[in-house]
Each structure stands twice: as C-alpha cells, then as structure tokens.
Number of protein chains: 2
Amino acid sequence: MTNRGPEPWQPVAFLLAQVGGFAAQRFAERVGELGLQPSDVGILRIISRHEGALSQQILAGFLGVGPSRVVALIDGLEKKGLVARARSARDRRNYELTLTDAGRDVMARMRQVGSAHDRDLTGSLTADERATLGALLGKLAAVHGLAEGVHPGYRS
Amino acid sequence: MTNRGPEPWQPVAFLLAQVGGFAAQRFAERVGELGLQPSDVGILRIISRHEGALSQQILAGFLGVGPSRVVALIDGLEKKGLVARARSARDRRNYELTLTDAGRDVMARMRQVGSAHDRDLTGSLTADERATLGALLGKLAAVHGLAEGVHPGYRS
DNA sequence: TATTGTTATACTCTATAACTATA
DNA sequence: TATAGTTATAGAGTATAACAATA
C-alpha cells in the first residue's frame, strides 16, 4: 500500500448511500412480488414480536410516524388478510394487532425472499468478505444508534 | 471462528440498506444547511462535468427522469443563482446549462461538507477498516453496474 | 377531561400529456 | 413534421388538525 501522505480519506459515505439505496430498491421489487411494500415488512415483523400486545399508538411510536399514517398502513394489511384488529377487552378504545395465519405464511415467505435478496446482493463476495462487511456495517450501525431491524425510512 | 455448518449466511443486505439510508439522511441534513437538496448536488456535479454542453434533455437522460421534472429542478437552482440557462446559438430550442460563479462556490463548499460527512459517518473506523469497507462497497457497486457518482434515487 | 383511533383537509412530489417555439 | 422545453392536470403519499367513541 503506497503512502500518499497524512489521512488519505476514502469517500466511503457516498458509496454507502449508493449501494444501500440500490439494496433497498431491489428489496422493494422483491417484496413487491409478494404484494407488499417495504414498510409492510417492518410492520409485520414488529407485530409478530408483540403479538396481541400492540396498539396502533404504540406501533406509531415504534415507527416514528403519526397515528393517522398507521391507520392507512394497517388498513392495507388488513385488506390483504394478513393482520387483524381486535378490540381490547380491557380498554375498548384501542386495538390489539395480531397476525392472521395468512400473515404468518407471508412472513415465512418473506424470510426466503430476504435470503434470496442477500445472496443476490452479496453473492459475488467470498464468505470472509461478507463477514467482514457485515461486521463493519454492524459497527457503524451501533455507533450511530440504529435500532436493530428498524429501517430509518419511516419518519419524514 | 466456529464452524456452524455449510453457508452461515450473514444478513448483510438489510444492514446495508439501513446504514445506507442513515448516511443518505444525514447527508440530506448537511446539504440542507447549504440550502440544497440531495438531488441538487448530483445535478451540479453533472453540469460541472459537461460545462456548457448539457441540454435539459440530456440531463433528464442521465438522471432517468422525465423532462418536466428537470424543469422544476433547474428552476430551483436558477432561482438560487447557481445555474444559468443560455440558449444555444446553433439550435435555439435547447439550453446550454452552466454553473455561475456562485454555483462553483457552492460546489467547493459541497466538497467540504462531503468530507465532514464522511468523517462523521466513518470516523469511528480505523484507516484500514475504512479502506476495506470502501473496497468491498466498490466491488458491490461495480458488480451491480452502479454508475460512478450517480445515486439511484432519481428514478421512481 | 384525556386518550385511541378515524376522517378531512391541505400540501408536496411526481408523472403524463397537452402546448409553444424553434427547426 | 419533429424536437426542446414548458405548463396543466391528475394521482399518490403524507402530515396536521378536527372528530367520535371510550375511559
């Protein structure tokens, strides 16, 4: 490696945004084949983790969006038969969001799509390179406080 | 390194989209302080590379958007005094887009912002780690045919 | 009175297609 | 007639605030 003086800074931030944007775009296409939007994927995951103990307000908090937007998002998933609204017996103002059987099926297919997407995107790397890339990205995510499994694309 | 069987695939694609999205968001904030949108930055760069030999149609081709969108984008930059439309003498239908002096000033400041952004984003990595990350991302960008310096966020 | 979810309104962004001026 | 740029229109997406039901 040649020495080009102090701090030969590599402009990696742009590459990161560029490749990351490409990854997001490809992922949107893939889940689109399942009839979903990228935002739906994250919502299904959150619901599955808090099965039955999740109101729309709490979900809005997780996503960082207003309550009215959650209405539209859940409307779409309910219309597709993937999510069910059940009035809480203890406080009939709020809903308990649950996955339907079809919703669980879609989540299983989502995992397959995710794996295929991952192979598609990083298949040209060796296993070592992929592990290194994952470690470095994980380090950046941790340093900047990015929550695990939550894409920053919800809030405006 | 423990052996967990064949193909212990790391889900790096999501991390990529997540960190990449964060990088893009931060960059938008930074250039926002210069009164610019991320799309403006790419356009200024393209104009500077084809100084005077760039019509709006050709620019639309580069960006992958329709001509009417270019009108709005250039309107904004012209109103800020960064870009000038000059009717071509040879074919008075099309414009030759050029940077104003103020536009060149802003580009210089953009480079500083870009460096600061890069330090901000990857400052927690060692120089070696940063170089490795850049190399791996560059490899992915090349494999997937991402044009140098063009963010995929223009086309719908 | 306070809170959950919903609806109504307005605003932004973008694409498509009609239009003008040059060729 | 064909092309460069512009304007007009319509559609999607989203945020804000008013609203109804429940507490």
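Each chain gets a letter, A, B and so on, in the order its sequence line appears, and its residues count up from 1.
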Q | Whole angstrom value for the distance that separates C1' of C:dT6 from CD of A:Gln56 | A | 9 Å
Q: Could you say whether A:Ser68 or A:Gln37 is positioned toward the 5' end of DNA chain D, judged by the nucleotide with the nearest heavy atom to each?
A: A:Gln37
**Q.** Short side-chain N/O contact to C:dT6 OP1/OP2 from A:Arg85, under 4.0 Å
**A.** yes
Q) Out of A:Arg85, A:Arg69, A:Lys80, which residue meets the salt bridge (charged side-chain N to carboxylate O under 4.0 Å, His left out) rule with A:Asp75? A) A:Arg85
Q: Can you tell me the distance, in whole Å, between the CD atom of A:Gln57 and the C1' atom of D:dA23?
A: 14 Å
Q | Check: A:His144 and B:Leu121 side chains under 4.5 Å, non-hydrogen atoms | A | yes
Q: Round to a whole Å and report the spacing from CG of B:Leu73 to P of D:dA4.
A: 18 Å
**Q.** Toward the 5' end of DNA chain D, by each residue's nearest nucleotide, A:Arg93 or B:Val71
**A.** B:Val71
Q. Given atom CZ of B:Arg87 and atom C1' of D:dA4, what is their separation to the nearest angstrom?
A. 8 Å
Q: Please report, rounded to the nearest Å, how far the P atom of C:dG5 is from the CG atom of A:Asn94.
A: 5 Å
(Q) Between the opening five pairs and the closing five pairs of the helix from C:dT1-D:dA23 to C:dA23-D:dT1, how far apart are the helix axes, to 10°? (A) 30°
**Q.** Heavy-atom check, side chain of A:Gln37 versus side chain of A:Asp40, under 4.5 Å
**A.** yes
Q.
Please report the distance, rounded to the nearest Å, between CZ in A:Arg69 and P in C:dG5.
A. 17 Å
Q | Contacts of B:Val31 that satisfy side-chain contact (heavy atoms from CB on, under 4.5 Å) - sequence neighbours left out | A | B:Phe27, B:Leu36, B:Pro38, B:Val41, B:Val113
Q | Atom-pair distance (CZ on A:Arg90; C1' on C:dT4), nearest Å | A | 15 Å
Q) What distance separates B:Leu97 CG from B:Ile46 CD1, expressed to the nearest 0.5 Å? A) 11.0 Å
(Q) So that I can tick it off, tell me whether A:Glu51 and A:Arg104 are bridged by a salt bridge, with the cut-off set at under 4.0 angstrom between side-chain N and carboxylate O. (A) yes
Q. Does atom CZ of A:Arg87 have more than 12 heavy-atom neighbours, drawn from other residues, nucleotides or ligands, at distances under 6.0 Å?
A. yes
Q: Send over the distance from B:Asp40 CG to C:dC13 P, rounded to a whole Å.
A: 11 Å
